[in-house]
S.K.: 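Submitted below is the structure of interest, expressed as C-alpha cells.
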Amino acid sequence: MEGRSKMLDKANQLQWIKGFNVDTNIGNSITMSHLLYADDTLIFCQPVTSQLLYLNLTLLLFEALSGLHITVLKSIMYLVNDVPNLEELSNIMGCTIGSLPTTYLGLFLGARYKNTEIWNGIIRKFEKAAVSFHGRETNSHQ
C-alpha cells in the first residue's frame with residue numbers, strides 16, 4: 001500500500017491531516033500520521049471536521065487513482081479523550097465508532113502502558129511458540 005502511504009504523507013505535509021508528535025531521545029519529534037500493516041491502515045488525526053473532510057477526500061482520491069476500494073463498513077473510528085462532535089465526525093467518514101482499549105493484531109491499543117496484565121496473553125503466545133519451536137528443533141536432531 002505504498003501509494004496510499006504516499007498520499008497520506010502528502011496530506012500530512014499539506015497539513016490536511018495532523019497526526020501526533022513522538023519525541024525522540026535527541027529532542028527531535030516525529031509526526032505520526034499513519035501506520036500500515038499488510039492491507040490495514042491506522043490513521044491518526046485530530047477530531048476536527050476539516051481534517052476528516054480532507055482525510056475522506058484523500059481516501060476517495062486513492063480509490064479513484066488506484067482502482068482499489070476501501071471497505072468503510074469495516075473501518076472503525078477510535079477516539080482519544082473527549083470528542084464533542086463525535087457523531088458528525090463518524091458521519092463524515094461513514095464508519096462505526098469503537099472504544100479503547102481494544103486489540104489489533106493481538107496487541108492492546110489504548111490500554112494503560114503500566115498495566116502489566118495486558119502483556120499476559122502475549123507472553124503466553126511467545127511461551128507456547130518457544131515450546132513448539134524447541135520441540136521441532138529437538139525432533140529434527142533425532
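Fair warning: this is a prediction, and the values are worked out from it, not measured in the lab.
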S.K.: Once rounded to the nearest 0.5 Å, what's the spacing between atom CG of Leu42 and atom NE2 of His34?
M.R.: 10.5 Å
S.K.: For the residue pair Leu60 and Ile70, establish whether any side-chain heavy-atom pair is separated by less than 4.5 Å.
M.R.: no
S.K.: State, with a plain yes or no, whether a side-chain heavy atom of Val72 is found less than 4.5 Å away from one of Lys74.
M.R.: no
S.K.: Which pairs of donor and acceptor atoms, one on a side chain in residues 10-21, lie under 3.5 Å apart (sequence neighbours left out)?
M.R.:
| from | atom 1 | to | atom 2 | distance (Å) |
| --- | --- | --- | --- | --- |
| Lys10 | NZ | Gln13 | OE1 | 3.4 |
| Asn21 | OD1 | Thr31 | OG1 | 2.9 |

S.K.: Which atoms form the tightest heavy-atom contact between Ile76 and Gly98, and what is the distance?
M.R.: CG2-N, 3.4 Å
S.K.: Decide yes or no for Leu36 and Glu2: does some side-chain heavy atom of the first lie under 4.5 Å from some side-chain heavy atom of the second?
M.R.: no
S.K.: Measuring from atom CD of Gln46 to atom CD of Gln51, what distance do you get when rounded to the nearest 0.5 angstrom?
M.R.: 4.5 Å
S.K.: When you measure from the side chain of Ser66 to the backbone of Leu68, do you find a donor-acceptor pair of N or O atoms at a distance under 3.5 Å?
M.R.: yes
S.K.: Counting only heavy atoms from other residues, nucleotides and ligands, does the tally under 6.0 Å from CZ of Phe44 exceed 12?
M.R.: yes
S.K.: For Leu59 and Met7: C-alpha separation, side-chain torsions, deciding distance, then whether side-chain contact (heavy atoms from CB on, under 4.5 Å) applies.
M.R.: CA-CA 8 Å; Leu59 296 175; Met7 290 184 78; over 6 Å; no
S.K.: Do the side chains of Leu53 and Val48 join up, straight or via other hydrophobic residues, at under 4.5 Å, putting them in one cluster?
M.R.: no
S.K.: Quick one: does Arg4's side chain get under 4.5 Å of Thr58's, heavy atoms only?
M.R.: no
S.K.: Does Lys128 offer a backbone N or O that forms a donor-acceptor pair with the side chain of Ser132 under 3.5 Å?
M.R.: no
S.K.: How close do Thr102 and Ser99 get, counting heavy atoms only, and between which atoms?
M.R.: CB-O, 3.8 Å
S.K.: Kindly compute the distance separating CE (Met32) from CD1 (Ile43), expressed to the nearest 0.5 Å.
M.R.: 13.5 Å
S.K.: Can you list, pair by pair, the side-chain donor-acceptor contacts under 3.5 Å of residues 86-96, counting residues two or more places apart and other chains?
M.R.:
| from | atom 1 | to | atom 2 | distance (Å) |
| --- | --- | --- | --- | --- |
| Glu88 | OE2 | Thr49 | OG1 | 2.9 |
| Ser90 | OG | Cys95 | O | 2.7 |
| Asn91 | ND2 | Glu87 | O | 3.2 |
| Thr96 | OG1 | Ser75 | O | 3.4 |

S.K.: Quick check for you: to the nearest 0.5 Å, what is the distance between Leu55 atom CG and Ser33 atom OG?
M.R.: 10.0 Å
